[in-house]
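Below: the structure, in structure tokens.
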Amino acid sequence: MNVPFVDLKAQYQTIAPEIDSAILDVVRGGGYILGKQVTEFELAFAKYSEVDHAIGVDCGSSALELSLRAFDIGPGDEVITTANTYIATAFAASHTGATPVLVDVDPVTYNMDVELFERAITPRTKAVIPVHLYGQPADMDPILDVARKHNLIVIEDACQAHGARYKGKRVGGFGHASAFSFYPAKNLGCYGDGGMVVTNDPQVADRIRIMRNEGQSQKYYHDVKGYNSLLDTVQAAVLGVKLKYLDQWNQARRSHAALYDQLLVNSGVATPKVASYAEHVYHLYIVRAPERERLQAFLKEKGVFTGIHYPIPIHLQKAFPELGYHAGSFPVTEKAASEIVSLPMFAELADEQIHATAAAIKEFYQA
Ligand SMILES: *Cc1c(COP(=O)(O)O)cnc(C)c1O
């Protein structure tokens, strides 16, 4: 049996007529830049995320960077985030001129270790970016307490957590601003790049609206130095269709995870744990696997494709020599990076594919 890691075309097949007609509407309508579909999707996404404002941008990376810039974060400032995240979180801080300061994660949830966060705060610290990694919310209450105590801006990186809830409330509404990505493989993905900033602060929303559009408050009036970072109208039309299915798709992911959990008891791999405060949306289903490379090769031979998120932690990448970190700086992240495997996970995954994956894992460890 073939079990792809993710199958984006399978999802398209389930909603093809609606998607096709939404795209054609844009092409025929001519509103290619900031067309009405962008505004419609912004309103729908704000409502879905239980926040006041949503501003469409060109990708999740821009959503993070513009959020930081909206609070004038830049040279001389420090921005704390986790070593165990996609590198774009740290790039967002460094592109503003600020210094990303990394902290290690909790070994069970893979999200920010709040004690280490507090210890990393210096007089230069201006912001913190908790990441809801793999679709599981970070422990926001203690993070917000520490941030308030030290007067820090909180930007949630919700790029992997569309629809996830922390203590019953959607992620995105906890920070001063929050970033989402609509990269195709995300839980809510378009057919190219896309992103969104959400916030409850009307002034921040206005600043980001202006910054993403070449600094214009109205056409040809450039109030600040801006960017061309707009959410594309075609992508907004696609996302408007897909948003209606997001809860259903996230529910499917949770069912798949429950089946994996059940089938992988005593299989040789350790299954992910969900914190009591979290409603996980399983952007990724991460297991800890002894002899990971051999397991992956074995699964591949059986037609089961896996991933690693992420094989090389940020602080060991060549991109950040100036930060001065080294092997051993973040032991929890480094150990995870050497043991984690992401199993096939997408809404359209069939139960038989999950059974086949679990059976192959058991076979590997029993041999
Ligand atoms: C995908 C992702 C980003 C970046 O989003 P893009 O749309 O690819 O720019 C940032 N942070 C995390 C945690 C992500 O998963």
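Please read all numbers here as calculations on a predicted model, not as lab measurements. Indexing begins at 1, ligand by ligand and atom by atom, following the structure's order.
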**Prompt:** Is there at least one pair of N or O atoms, one from Asp193 and one from ligand 1, spaced under 3.5 Å apart?
**Reply:** no
**Prompt:** Which of the numbered atoms in ligand 1 are below 4.0 angstrom from a heavy atom of Thr85?
**Reply:** 13 (C)
**Message:** So does Phe71 get a backbone contact from the side chain of Lys126, meaning a donor-acceptor N/O pair under 3.5 Å?
**Reply:** no
**Prompt:** To which protein heavy atom is atom 9 (O) of ligand 1 closest, and what is the distance rounded to 0.1 Å?
**Reply:** Ser61 OG, 2.6 Å
**Message:** Tell me the protein heavy atom at minimum distance from atom 2 (C) of ligand 1, and give that distance in Å.
**Reply:** Lys186 NZ, 2.7 Å
**Asked** If we only count heavy atoms from C-beta on, is the Lys169 to Phe174 side-chain gap below 4.5 Å?
**Response** yes
**Asked** What atoms of ligand 1 come closer than 4.0 angstrom to any heavy atom of Ala88?
**Response** 4 (C), 10 (C)
**Fill in**
Taking only non-hydrogen atoms of Gly60 and a 4.0 Å limit, the atoms of ligand 1 in range are 5 (O), 6 (P), 7 (O), 9 (O)
**Request:** Flag the pair Thr109 / His280 as yes when at least one side-chain heavy-atom distance between them is below 4.5 Å, and no otherwise.
**Result:** no
**Asked** Parallel, tilted or perpendicular: which fits the ring planes of Trp249 and Tyr245, with parallel below 30° and perpendicular above 60°?
**Response** parallel
**Item:** Per-atom contacts, ligand 1 versus Thr89 - under 4.0 Å to a heavy atom
**Value:** 11 (N)
**Asked** Between Val26 and Ala237, what is the shortest heavy-atom contact and its length?
**Response** CG2-CB, 3.6 Å
**Request:** Flag Asp157 as yes when one of its N or O atoms lies below 3.5 Å from any N or O atom of ligand 1, and as no otherwise.
**Result:** yes
**Asked** By number and element, which atoms of ligand 1 are closer than 4.0 Å to a non-hydrogen atom of Cys59?
**Response** 7 (O), 9 (O)
**Asked** Does Leu102 reach the side chain of Phe320, with side-chain heavy atoms less than 4.5 Å apart?
**Response** no
**Item:** Verify same cluster id: Leu264, Phe298 (apolar side-chain graph, 4.5 Å)
**Value:** yes
**Geometric N/O contact Phe182 with ligand 1, under 3.5 angstrom** = no
**Asked** Which protein non-hydrogen atom lies closest to atom 15 (O) of ligand 1, naming both residue and atom, and how far is it?
**Response** Gln160 NE2, 2.8 Å
**Prompt:** How far is atom 8 (O) of ligand 1 from its nearest protein heavy atom, and which residue and atom name does that atom have?
**Reply:** Ser181 OG, 4.0 Å
**Request:** May I ask you to decide if the ring planes of His315 and Phe330 are parallel, tilted or perpendicular, using 30° and 60° as cut-offs?
**Result:** perpendicular
**Complete:** Of Cys159, Pro184, Ala161, the one whose closest heavy atom lies nearest atom 10 (C) of ligand 1 is Cys159
**Other residues, nucleotides, ligands: >12 heavy atoms within 6.0 Å of Lys335 NZ** = no
